[in-house]
Amino acid sequence: MKEAMTGRDSIRSILVVDCGTVMTRAMLLDRVRDGYRLVAQGETPTTWGESSTSVTGGVRHAIQQISDVTSRRFFDENGDLISPQATWQRGTDAFAATVSASEPLQLALGGLAGDLSIASARRAAAGTYAQIETLLNDSQGMPLTDEACVRAIRNAAPEVICIAGGTEGGADRPVLGLVKAATLACSMMDREARPAMLYAGNSRLRKQVAEIVGDEAELRVVENVRPTLDREYLADAQQEFKSLFVQRKLKQMPGVADLSDWSPVSVAPTAQAFGRLIQYLWHLGSPETGVLGVDVGGSNTVIAAVFDEQLRLTVDSRLGAAFGGDRLLQSKNTEVITRWLPEPLSYDETRSLLINKETHPASIPQVEDELWLEQAIAREAIRETLEVARPGWKPGSAQVYPDLMPFCDTIVISGGTLAKAPRPGQAALVILDALQPIGISTLVLDRYGLASALGSVARIKPLAAVEALDAGGLTNLGTVVAPVGEAKPGDTVLKMKVSYDNGSELEVEVRYGDLEILPLPIGQEAVLELTPRRGFDVGVGARGKGDKRRVSGGLAGLIIDARGRPLRLSHETERRREQIQKWLREVGG
């Protein structure tokens with residue numbers, strides 16, 4: 001029988017698991033001498049064992065791997081978690097779990113304008129694991145006819161219908177028309193299969209909306225996602241989408257109830273826990289810049305952005321490192337993927353490799369073609385997620401150039417494809433190509449898959465999360481210097497002096513188009529003296545302004561990216577391949 005939880009002040013050990021679509025990780029944090037440390041971890045396929053649906057099989061197997069290493073027993077004779085910790089070899093004081101293995105929430109989305117209310121509702125839905133199955137608007141953004149709307153809803157069979165549209169005090173007839181058509185579609189379904197209705201439009205119409213929907217569907221009402229033409233408000237809608245996901249998907253997953261019984265806090269969606277950690281990291285840096293987190297999972301890609309303390313979370317549930325690549329290949333031009341490959345690959349070869357990856361999602365690339373393709377998919381997954389995310393950011397003073405990325409102090413990189421890249425420079429190059437950061441940024445690698453776990457641990461014992469982070473929970477991948485400006489290829493755009501702590505110095509002239517790595521190993525620091533050419537900005541205040549900056553080393557070293565922003569790939573196939581090959585050589589790939 002599960003023992004009672006002790007007070008949080010007496011917590012010595014914390015067992016945390018993350019159930020991903022492909023793999024489940026278990027991690028044990030314990031108080032060692034002067035603080036909490038990662039003691040051991042285990043990893044296994046999520047559907048491991050006797051059940052192909054319950055997450056508990058993979059969780060127990062991953063925890064057993066920790067038992068094998070530490071000789072600590074975590075379950076009693078009845079299979080229940082031993083908590084609090086009985087002895088140093090028996091049990092744990094606390095348990096926490098995050099899950100991203102669930103199917104996404106299926107949505108139908110309708111509004112009045114594709115680039116306004118619909119775009120805002122799409123960003124609100126992207127705050128959790130959700131997938132838009134159908135739009136109740138035509139290609140021009142206009143609402144469908146009643147008949148077409150009913151047909152679209154019945155064909156898609158969504159779990160939630162979201163209706164947005166109408167600024168405050170604005171249009172009413174088109175909005176109410178969408179509500180009537182959606183309600184009609186619900187009335188034609190079996191009651192237990194009817195979707196919930198989420199109204200996020202003109203607040204003046206709420207009473208009429210409630211009268212139309214009646215008892216034909218579960219109605220939820222939130223603040224207008226687009227109260228004015230130039231203002232977006234997503235917080236309430238995002239919270240409601242998250243709540244619907246937890247209730248209709250996460251809590252219904254086989255095995256999640258068991259995890260909840262073991263934990264003093266609710267099981268959390270992995271993306272939310274990841275975002276919580278990124279928000280903490282923002283407090284450690286400059287308030288004038290932002291912090292980004294990128295997590296490329298098996299079937300989901302998450303971008304967490306924090307500016308002015310505000311977290312903006314974006315989840316793409318259509319595309320990850322293992323799933324969604326074939327859909328992307330067939331829905332877009334083949335070149336969207338193959339442009340990132342250093343060697344030619346035909347459509348049939350590309351599709352065959354993508355289908356094989358979806359069939360065997362836990363497989364590790366065995367040949368270079370598989371590796372390059374997996375990393376190409378990671379680039380596009382990040383780029384597609386970023387396309388949805390960026391319009392919803394409020395970067396403030398960090399956004400100096402409207403068409404480029406805001407200045408970001410730290411970029412956290414997570415997910416097996418990047419964390420387990422054969423060479424650290426490959427992971428760095430994927431991020432540089434996909435995000436195209438500017439100025440000076442520190443790339444931080446989540447080598448052990450701890451980011452989401454630490455975000456979850458912080459809900460139980462904040463000190464444990466902080467100390468595990470300080471003890472190397474995340475690893476510096478490298479410092480990036482990316483000057484912004486225009487010049488001819490080969491022109492000198494930046495002079496840089498690197499003063500190492502051992503007294504040695506290195507002077508470098510950076511030419512436009514260069515991508516190179518300078519030596520600065522992990523554990524070492526150096527002072528950079530930057531002197532940009534007039535018209536170039538290195539993120540220290542203005543174009544042409546230089547400065548000194550102390551930076552830390554990383555697995556990939558000190559990265560200079562003067563390829564220009566935005567990054568331009570050649571339109572000529574052979575020339576483009578030569579570019580990719582050269583960049584891979586420069587980063588040690």
Side-chain angles (χ1 to χ4, degrees), residues 281 284-292 398 400 405 407-413 423-429 431-432 435-445 447 469-472 474-485 487 490-565 583 585-589:
L281 292 175
L284 303 182
S286 168
E288 302 299 318
T289 59
V291 175
L292 290 185
V400 176
M405 285 286 286
F407 287 113
C408 294
D409 182 60
T410 303
I411 300 173
V412 178
I413 305 162
R423 293 180 175 84
Q426 293 172 1
L429 186 59
I431 293 299
L432 294 178
L435 290 182
Q436 299 182 39
I438 64 173
I440 303 172
S441 302
T442 302
L443 303 184
V444 179
L445 190 64
R447 296 174 75 186
L469 193 63
D470 291 343
L474 301 178
T475 305
N476 267 15
L477 181 58
T479 297
V480 177
V481 179
V484 175
D491 286 355
T492 299
V493 298
L494 173 67
K495 292 183 179 180
M496 186 167 64
K497 181 179 178 180
V498 186
S499 300
Y500 296 93
D501 285 350
N502 64 6
S504 62
E505 295 181 345
L506 177 64
E507 295 189 9
V508 179
E509 287 194 358
V510 178
R511 297 181 300 275
Y512 193 74
D514 282 355
L515 174 66
E516 58 180 310
I517 290 184
L518 304 180
L520 187 58
I522 193 167
Q524 296 186 20
E525 294 188 346
V527 174
L528 305 184
E529 186 175 343
L530 303 168
T531 308
R533 168 181 160 177
R534 183 179 179 182
F536 274 78
D537 188 352
V538 291
V540 296
R543 290 183 183 270
K545 182 179 179 181
D547 199 2
K548 290 184 178 181
R549 184 71 60 89
R550 174 169 284 275
V551 297
S552 300
L555 296 174
L558 177 59
I559 306 168
I560 313 301
D561 186 356
R563 296 177 295 168
R565 297 291 188 265
W583 295 340
R585 287 196 301 270
E586 295 293 349
V587 300

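Positions are given from 1 along the sequence.
Between Lys497 and Glu505 a salt bridge is recorded (basic side-chain N to carboxylate O distance below 4.0 Å). A salt bridge between Arg533 and Asp491 is present, with a side-chain N of the basic residue lying under 4.0 Å from a carboxylate O of the acidic one.
For the pair Glu586 and Leu429, the minimum side-chain heavy-atom distance is 4.5 Å or more. Side-chain contact check for Val480 versus Ile431: every heavy-atom pair is 4.5 Å or farther apart. Annotation: side chain of Val484 is not in contact with side chain of Phe536 (no heavy-atom distance under 4.5 Å). Contact annotation: the side chain of Val481 approaches that of Leu494 to within less than 4.5 Å [non-hydrogen atoms, C-beta and beyond].
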Give the table of side-chain donor-acceptor pairs shorter than 3.5 Å for residues 556-565, with sequence neighbours excluded, one pair per line with atom names and distance.
unit_1	atom_1	unit_2	atom_2	d
Asp561	OD1	Arg563	N	3.2
Asp561	OD1	Arg563	NE	2.9
Asp561	OD2	Arg563	NH2	3.1
Asp561	OD2	Arg565	NH1	3.4
Asp561	OD2	Arg565	NH2	2.7
Arg563	NH1	Asp433	OD1	2.9
Arg563	NH2	Asp433	OD1	3.0
Arg565	NE	Gln436	O	3.3
Arg565	NE	Pro437	O	3.0
Arg565	NH2	Pro437	O	3.1

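The minimum heavy-atom distance between Thr289 and Ala398, with the atom names listed, is CA-CB, 4.0 Å. In terms of heavy atoms, Leu518 sits closest to Met496 at CD1-CE, 3.4 Å. Nearest heavy-atom pair across Val540 and Asp537 is N-OD1, 3.9 Å. Shortest non-hydrogen contact noted between Leu506 and Pro519 is CD2-CD, 4.4 Å.
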Please lay out, stage by stage, how Arg534 and Arg543 fare under the test side-chain contact (heavy atoms from CB on, under 4.5 Å). CA-CA 6 Å; Arg534 183 179 179 182; Arg543 290 183 183 270; over 6 Å; no
Full working for side-chain contact (heavy atoms from CB on, under 4.5 Å) between Glu529 and Asp547: CA-CA 6 Å; Glu529 186 175 343; Asp547 199 2; over 6 Å; no
May I have the step-by-step check of side-chain contact (heavy atoms from CB on, under 4.5 Å) for Val508 and Glu516, ending in yes or no? CA-CA 11 Å; Val508 179; Glu516 58 180 310; 4.1 Å; yes
Might you work through the side-chain contact (heavy atoms from CB on, under 4.5 Å) test for Leu281 and Asp409, ending with a clear yes or no? CA-CA 10 Å; Leu281 292 175; Asp409 182 60; over 6 Å; no
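Checked by atom type and distance alone, the side chain of Ser441 pairs as donor or acceptor with a backbone atom of Cys408 at under 3.5 Å. When atom types are taken as modelled, the side chain of Asn502 and the backbone of Ser504 share a donor-acceptor pair closer than 3.5 angstrom. Without hydrogens or angle criteria, Tyr500 side chain to Val527 main chain gives no donor-acceptor distance under 3.5 Å.
Under the side chain to side chain contact (heavy atoms under 4.5 Å, CB included) test applied with Ile411, the options Thr442, Leu443, Leu445, Val444 reduce to a single match, Leu443.
In this structure, the separation between CD on Glu525 and OG on Ser499 is 13.0 Å, given to the nearest 0.5 Å.
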